[in-house]
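Here's the structure, in structure tokens; my notes come after.
Throughout, residue positions are numbered sequentially from 1 according to the sequence presented. Since we're looking at a predicted model, the values are computed, not measured.
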Amino acid sequence: MTASKNTTHFGFKTVDESEKAGMVHGVFSNVASKYDVMNDAMSLGIHRLWKNAMMDWLAPRNGQKLLDVAGGTGDISFRFLKRAPNAHATVFDMTQSMLDAGRTRAEAADMANHLDWVCGDAMDLPFDDNTFDVYTISFGIRNVTRPQEAINEAYRVLKPGGRLMVLEFSQIPNPAMQWAYDRYSFNIIPPMGKIIANDADSYQYLVESIRQFPDQDTFLQMIRDGGFENAKYRNLSLGIACLHSGWKI
């Protein structure tokens, strides 16, 4: 087989599309055991407030079926089930070591009857059409080789009336504040990754991948292009992160 001639971004590098998934897999395999600690360190704990804001807007209900894509160690699924104890969550991730780390968390044992853990590709979900009530992806869509395909798959597996919600790092509309945030990101986060996870390169990629991701309005249009209606977004922390919501109607 010949290699794909299509290219994509891996941080600031241009790589063949066929190579990106393996490179991203390497990043998250490397940091899996320290992923939750690093999230706290990188965001000064604010990622917890962002995820709470996500749940507030999502308003989980008992009986719903959640698909949490790029669900990693289960953070979003655990929060969902704490608010709706009789719902069901499927944690879906491309990296088995992330899922394995999630299974060791105390919440996983407490919620075992309401949780599934599945490894696979966000662009080719192993689920039937019209299966889930809610699809979430938190800090993961920017790592997908072709994000539009992941959005299209989200639409396919959601039931009519189902909801998509994306939490992702985004762009600060104020140029001066974006400049200050960039200085922090590039000068502090990779060295922090070296200290905490013994891996500066993976966190250099994570910082770069944020800068390559579409801005709020561009991504909103991608969600609409995927078929979702009533799509809108809310900036968090001045736009450092952003919540996008859409409905399959």
Side-chain angles (χ1 to χ4, degrees), residues 8-9 11-12 24 35-36 38-60 66-72 75-77 79-80 83 93 122 134-155 158 162-186 188-189 203 205-248:
T8 187
H9 296 292
F12 289 162
V24 171
Y35 185 70
D36 296 313
M38 276 300 300
N39 275 346
D40 279 329
M42 284 194 301
S43 70
L44 306 177
I46 296 172
H47 77 101
R48 297 173 183 271
L49 301 179
W50 296 337
K51 290 171 181 174
N52 286 340
M54 185 184 199
M55 290 299 113
D56 289 344
W57 198 10
L58 195 54
L66 166 69
L67 176 61
D68 181 24
V69 174
D75 222 20
I76 296 299
S77 291
R79 290 169 186 272
F80 189 93
R83 298 201 186 198
D93 200 275
V134 182
Y135 174 114
T136 56
I137 183 166
S138 175
F139 304 120
I141 191 81
R142 74 182 190 281
N143 298 313
V144 176
T145 302
R146 295 183 294 279
Q148 187 67 60
E149 290 188 18
I151 294 169
N152 297 345
E153 275 288 88
Y155 189 87
L158 280 169
R163 189 175 188 186
L164 164 78
M165 187 163 285
V166 181
L167 173 60
E168 188 52 87
F169 290 111
S170 198
Q171 310 299 324
I172 302 175
N174 182 301
M177 297 193 71
Q178 181 68 49
W179 181 90
Y181 175 52
D182 286 346
R183 301 288 79 70
Y184 164 77
S185 297
F186 285 99
I188 301 298
I189 291 178
Y203 286 92
Y205 158 72
L206 293 176
V207 170
E208 292 177 0
S209 68
I210 293 167
R211 301 318 184 276
Q212 298 286 21
F213 191 70
D215 65 19
Q216 289 90 323
D217 290 308
T218 303
F219 188 64
L220 183 67
Q221 188 57 51
M222 292 172 66
I223 289 174
R224 290 171 173 157
D225 290 344
F228 289 96
E229 298 185 36
N230 196 24
K232 56 188 68 175
Y233 68 82
R234 296 178 179 177
N235 280 331
L236 303 173
S237 300
L238 305 174
I240 292 174
C242 184
L243 278 171
H244 280 80
S245 171
W247 296 83
K248 179 176 177 177

To the nearest 0.5 Å, what is the distance between [atom1] on [X] and [atom2] on [Y]?
| X | Y | atom1 | atom2 | value |
| --- | --- | --- | --- | --- |
| S245 | M165 | OG | CE | 4.0 Å |
| R163 | L158 | CZ | CG | 11.5 Å |
| N230 | I223 | CG | CD1 | 11.5 Å |
| S77 | L66 | OG | CG | 5.0 Å |
| M222 | F228 | CE | CZ | 12.0 Å |

Notebook entry, point to check: Relative to each other, are the rings of W50 and F169 parallel, tilted or perpendicular (30° and 60° limits)?
Noted result: perpendicular

Least distance between heavy atoms, [X] atom then [Y] atom:
| X | Y | result |
| --- | --- | --- |
| L238 | I172 | O-CG2, 3.6 Å |
| C242 | N235 | SG-OD1, 3.7 Å |
| Q148 | G226 | NE2-N, 3.6 Å |
| M55 | I76 | CE-CG2, 3.7 Å |
| T145 | P147 | O-CD, 3.6 Å |
| R234 | W57 | NH2-NE1, 3.1 Å |

Next item on the list: Might you work through the side-chain contact (heavy atoms from CB on, under 4.5 Å) test for D182 and R211, ending with a clear yes or no?
Entry: CA-CA 9 Å; D182 286 346; R211 301 318 184 276; 2.6 Å; yes

Note to self: Can you list everything that forms a salt bridge (charged side-chain N to carboxylate O under 4.0 Å, His left out) with D225? Sequence neighbours excluded, please.
What the structure shows: none

Next item on the list: Please name all residues satisfying side chain to side chain donor-acceptor pair (under 3.5 Å) with D56, sequence neighbours left out, ordered by chain then number.
Entry: R83

With a 4.5 Å cut-off on side-chain heavy atoms, are [Y] and [X] touching?
| X | Y | answer |
| --- | --- | --- |
| S237 | I46 | yes |
| P60 | V134 | no |
| E208 | F186 | yes |
| T136 | L58 | yes |
| L236 | L167 | yes |

Item checked: N/O donor-acceptor pair under 3.5 Å between K248 side chain and Y155 backbone -> yes

Checklist line | Verdict with supporting geometry, F80 and D68, side-chain contact (heavy atoms from CB on, under 4.5 Å) | finding: CA-CA 10 Å; F80 189 93; D68 181 24; over 6 Å; no

Next item on the list: Apply the test side-chain contact (heavy atoms from CB on, under 4.5 Å) to residues Y135 and V69: give CA-CA distance (whole Å), side-chain angles for both, the deciding distance (0.1 Å), then the verdict.
Entry: CA-CA 7 Å; Y135 174 114; V69 174; 3.3 Å; yes

Check: Does the cation-pi check pass for R224 over Y233, that is, NZ or CZ under 6.0 Å from the six-membered ring centre and within 45° of its axis?
Finding: no

Next item on the list: Have a look at E168 and tell me which of R142, Q216, H244 forms a side chain to side chain donor-acceptor pair (under 3.5 Å) with it.
Entry: R142

Notebook entry, point to check: Please walk me through it: do F213 and F219 pass ring pair (Phe, Tyr, Trp, His ring centres under 6.0 Å)?
Noted result: CA-CA 9 Å; F213 191 70; F219 188 64; 5.1 Å; yes

